[in-house]
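Reviewing the structure listed below.
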Amino acid sequence: MDISDLFDGLNEAQREAVGAAPGNLLILAGAGSGKTRVLTHRIAFLVRTGQASSYGILAVTFTNKAAREMRARIEALLETPASGMWVGTFHGIAHRLLRAHWQEAGLPQGFAILDSEDQHRLIKRLIREMNIDDSRVPPRQVQWFINAKKDEGLRPQHLEEGYDYQQKMMIELYHAYEEACQRNGVVDFAELLLRALELLRDHSDLLDHYRKRFRHILVDEFQDTNTIQYAWIRLLAGKQGQVFAVGDDDQSIYGWRGAKVENLQQFQRDLADVQLIRLEQNYRSTATILNAANALIAHNSDRLGKNLWTEGVEGEAIRLYTAFNELDEARFAAERIQDWCAQGRRRDEVAILYRSNAQSRVLEEAMMHARIPYRIYGGLRFFERAEIKDALAYLRLLANRHDDPSFERVVNTPTRGIGNRTVEIVREQARATAVSMWQAASDILASQSLPARASNALAAFLALLNSMDDNSQQALLDERVEYVIAHSGLIEFFSKEKGEKGRARIENLEELVSAARQFEFEDEWLEDVAQGSPGMDELNAFLAHAALESGATQATADEEAVQMMTLHTAKGLEFPLVFMVGMEEELFPHKLSIDEPGRLEEERRLAYVGITRAMEQLYLSHAEVRRLYGEEKYTRPSRFIRDIPAELLHEVRMGGGSGQPHYRPAEAQAVQGELHFGQQVRHPKFGHGVVLNSEGSGAQARVQVNFEEVGKKWLVLAYARLEVIE
DNA sequence: GCGACATTGTTTTTT
DNA sequence: ACAATGTCGC
């Protein structure tokens with residue numbers, strides 16, 4: 001079979017990686033060095049040379065998007081559907097194993113998946129139930145604690161008894177939480193991974209089976225693996241398996257959520273004869289951008305070492321803008337984006353990247369003001385919306401009555417006269433007799449111990465669910481979803497909400513029906529698993545899909561738009577024009593990471609990720625004054641700016657004029673000789689103010705002034721009798 | 001059960 | 001500053 005096309009257009013290192021002899025490989029792939037290409041070509045190479053069949057390959061990523069992309073690219077290379085090949089996220093694959101072997105994993109057949117919100121609510125509930133002081137043991141912290149322990153592979157019984165109250169309580173809560181999950185048949189994200197690890201570890205027959213099957217394991221973004229993910233890979237690979245790991249230690253930015261960069265080094269020690277290949281040729285950015293990135297990251301210690309280079313053009317200098325404040329900074333970006341578009345370039349070639357989401361608002365306003373369409377990534381996703389989660393909770397109860405988190409969620413949503421008191425009684429009964437709330441509610445009703453009103457309301461709720469179940473049992477999935485939404489009372493409930501909100505919610509519920517309509521076991525494996533397992537019907541599959549793939553932030557409002565996102569979200573993407581805003585000490589690097597060397601280095605890697613997103617042009621900006629948490633604060637430029645050699649930077653000013661450096665208003669004044677940002681002025685009518693912005697020249701020149709008394713105003717310089725205050 | 005007021009925290013995010 | 005909770009009284 002001719003496989004030369006798999007090597008066409010690849011460089012030396014890439015070819016080496018794609019065509020490497022059997023064995024373990026670690027590919028250190030710098031930003032923009034074609035790592036996805038190498039990964040997919042490697043898979044195609046294995047299949048087309050007959051070293052592996054599709055059936056024998058497992059490819060793991062971190063996000064659904066990456067997994068989808070990878071599958072599509074592999075299928076394009078193989079020119080056939082890669083059926084039998086497992087391509088998915090760590091969580092998706094763990095889920096698949098657990099569905100197939102629920103018995104061995106000690107799970108109920110139709111187990112549900114708890115997302116972080118569900119998890120948070122459950123923990124809060126437990127804290128209350130156990131009469132623990134939630135100000136000393138905050139739910140968020142407990143959630144963090146439990147997830148961190150699971151990520152380390154630690155069950156509560158592995159934990160030493162805590163020494164202080166907080167520690168003790170957290171361990172106790174971890175115990176209680178596990179019991180609750182087990183009783184309710186629910187599994188959180190970390191649990192998926194941990195169970196899948198334990199499943200293989202404790203069942204040698206299964207381990208054998210999968211080891212024989214998956215002789216080739218390929219892992220993307222290896223630097224992001226946490227302890228259990230790594231352990232799972234190692235376990236599954238065993239001695240015979242061949243692991244192809246691709247990663248970049250310089251792009252490790254998820255240490256704070258358990259990712260262990262050390263796994264890259266560990267990999268070389270733990271696996272046999274690991275061949276190390278570096279991909280250092282960058283195909284994305286100009287030499288200038290690359291040099292800046294290299295210089296910056298060189299300030300970190302403990303790197304595996306790698307120097308990106310390019311044959312590409314030198315490119316333009318990186319622009320540095322010192323804004324007066326965050327408004328000025330945002331306006332600057334807007335103006336430069338307009339220039340970009342005026343040159344015939346597209347808006348969607350532009351990204352604005354920031355450290356934290358709070359920064360997006362000012363930017364958003366500036367874009368709106370300049371009438372630049374934009375799109376913000378991050379925020380609530382479809383399946384995370386309250387109304388969607390309510391509807392899903394009903395569906396989950398249909399699938400499994402013992403799902404307490406869902407029971408709690410909708411027992412009185414919409415309000416149906418089941419007050420806190422009644423729920424409290426059910427909860428207590430459930431706890432005392434160690435049964436689900438559904439069961440407890442039935443028991444209480446049977447014992448006739450409730451006041452008539454509460455009793456009737458509760459009975460009505462149970463009857464409602466049973467009848468919804470009976471009446472939709474035979475229906476198709478989307479009909480079933482539609483039926484439940486219609487009969488749960490959610491529609492009436494939300495239509496009472498005032499304003500746009502209620503309407504939007506109802507639209508979302510309708511959208512859920514069409515999501516159900518489109519969902520037809522798109523993960524074809526679920527269908528296999530579903531065969532002969534009534535607990536894993538289409539409904540369950542849909543619910544799992546909703547939990548594991550919470551859906552894009554925005555639907556598909558695909559107007560050509562500027563992209564705005566955090567630096568974290570930007571990893572893996574590239575844009576011709578990139579703005580990195582808020583390059584200030586305490587914002588970036590963030591205040592909470594500044595004092596700890598390890599965390600500071602992670603911030604620097606984040607800066608590295610940001611810089612390397614840019615293909616042609618990169619703007620860095622910082623504001624001298626920033627309003628944050630209601631306070632105006634004077635800032636200092638980020639140390640990361642200083643990490644970049646000065647000769648690669650070019651300071652710019654507002655208004656398209658390039659050239660003269662501009663450090664602070666006082667200096668610029670001498671150069672410019674006219675009004676500039678931060679200039680104090682007096683107006684005969686409006687009084688004292690500060691110049692924020694200016695545009696045009698000569699008779700058309702206008703300035704925007706923020707007056708103490710009357711706020712922001714645009715004034716035509718020729719008419720406004722402005723007086724400069726020295 | 002709802003609206004009015006108080007309190008609180010406020011990095012980064014996937015699954 | 002501000003949003004998102006939580007608490008309290010009706």
Side-chain angles (χ1 to χ4, degrees), chain A residues 60-67 88-95 113-121 124 128 134-135 138-141 144 147 150-151 187-194 196 221 224-226 228-229 252-259 326 353-362 377-381 383-384 386 412-422 457 493 496-498 544-553 565-572 582 586-594 599-600 602-603 605-607 609-610 626-633:
Chain A
V60 204
T61 64
F62 278 86
T63 67
N64 290 302
K65 190 171 161 234
T89 63
F90 277 100
H91 292 86
I93 284 164
H95 176 231
I113 300 170
L114 224 53
D115 73 10
S116 20
E117 195 210 332
D118 301 332
Q119 186 186 37
H120 185 240
R121 294 166 78 114
K124 235 162 74 178
R128 218 168 278 170
D134 68 350
S135 63
R140 283 261 165 247
Q141 211 172 314
W144 185 263
N147 289 336
K150 286 195 183 185
D151 284 346
V187 166
D188 64 41
F189 290 132
E191 185 74 23
L192 287 171
L193 300 176
L194 185 47
E221 307 276 20
D224 289 339
T225 51
N226 66 24
I228 13 179
Q229 287 160 340
S252 158
I253 55 176
Y254 286 112
W256 54 274
R257 67 172 201 216
E326 75 276 7
L353 310 180
Y354 35 81
R355 175 68 237 265
S356 62
N357 284 308
Q359 289 170 258
S360 71
R361 251 182 66 170
V362 187
Y377 287 78
L380 257 203
R381 274 168 301 205
F383 288 112
E384 289 167 0
N412 200 32
T413 305
T415 46
R416 50 171 68 87
I418 302 176
N420 215 288
R421 182 82 197 100
T422 310
F493 182 63
K496 283 193 202 109
E497 230 172 310
K498 355 186 191 308
H545 166 85
L548 285 175
E549 184 157 356
S550 38
T553 301
M565 67 192 86
T566 64
L567 288 153
H568 283 91
T569 321
K571 190 166 78 142
E586 307 216 321
L587 183 59
F588 188 36
H590 197 277
K591 197 155 117 198
L592 300 176
S593 303
I594 240 162
R599 304 184 67 181
L600 179 68
E602 183 155 307
E603 296 276 318
R605 291 194 290 269
L606 194 53
V609 166
R626 182 173 297 269
R627 179 177 282 272
L628 198 61
Y629 304 144
E631 260 181 320
E632 293 224 313
K633 279 187 74 176

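We name chains A, B, ... by the order of the sequence lines, and we start the count at 1 in each one.
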- Note on the structure: Heavy-atom contacts, protein to nucleotides 8-15 of chain B, under 4.0 Å, summarised as B (base), S (sugar-phosphate only) or - (none) per nt, yield --BBBBBB
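- With hydrogens and angles disregarded, no donor-acceptor distance shorter than 3.5 Å links the side chain of E221(A) to the backbone of T61(A).
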Considering only nitrogen or oxygen atoms on both sides, find all protein atoms under 3.5 Å from nucleotides 4-6 of chain C and state each distance.
{"unit_1": "dG6(C)", "atom_1": "OP1", "unit_2": "K124(A)", "atom_2": "NZ", "d": "3.0"}

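- Nearest heavy-atom pair across E602(A) and Y254(A) is OE2-N, 3.7 Å.
- Looking at every heavy atom in both residues, L600(A) comes nearest to P589(A) through CD1-CB, 3.6 Å.
- Nucleotide dG1(B) holds its C1' atom 12 Å from the NZ atom of K496(A), rounded to whole Å.
- Closest heavy-atom contact between E117(A) and D115(A): N-OD1, 3.0 Å.
- For E603(A), the side chain to side chain donor-acceptor pair (under 3.5 Å) partners two or more places apart in sequence, or in a different chain, are R355(A), S593(A).
- Counting only distance, with no hydrogens or angles, the side chain of E384(A) and the backbone of R381(A) share a donor-acceptor pair below 3.5 Å.
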- Item | Dot-bracket summary - DNA chain C, pairs being Watson-Crick or G-U whose distances fall under 3.5 Å, with | when paired to another strand | ||||||||||
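- Applying the salt bridge (charged side-chain N to carboxylate O under 4.0 Å, His left out) criterion to E586(A), with sequence neighbours excluded, gives K633(A).
- Proximity of R416(A) to F493(A): side-chain heavy atoms (C-beta onward) are nowhere separated by under 4.5 Å.
- Annotation: dA3(C) and dT12(B) have their P atoms spaced 16 Å apart (nearest Å).
- Checked by atom type and distance alone, the side chain of D224(A) never pairs as donor or acceptor with a backbone atom of A259(A) at under 3.5 Å.
- A distance of about 15 Å separates the P atoms of dT11(B) and dA4(C), rounded to the whole Å.
- Counting heavy atoms from C-beta on, the side chains of K150(A) and D188(A) come closer than 4.5 Å.
- Side-chain contact between N226(A) and F90(A) is absent, with no heavy-atom pair separated by less than 4.5 Å.
- Atom NE2 of H91(A) sits about 10.5 Å away from atom CG of N64(A), to the nearest 0.5 Å.
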Listing time: all N or O pairs from protein to nucleotides 3-7 of chain B that are below 3.5 Å?
none

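- Side-chain contact between L548(A) and F189(A) is present, with at least one heavy-atom pair separated by less than 4.5 Å.
- Across all strands, D188(A) comes closer than 4.0 Å to no nucleic acid atom at all (heavy-atom distances).
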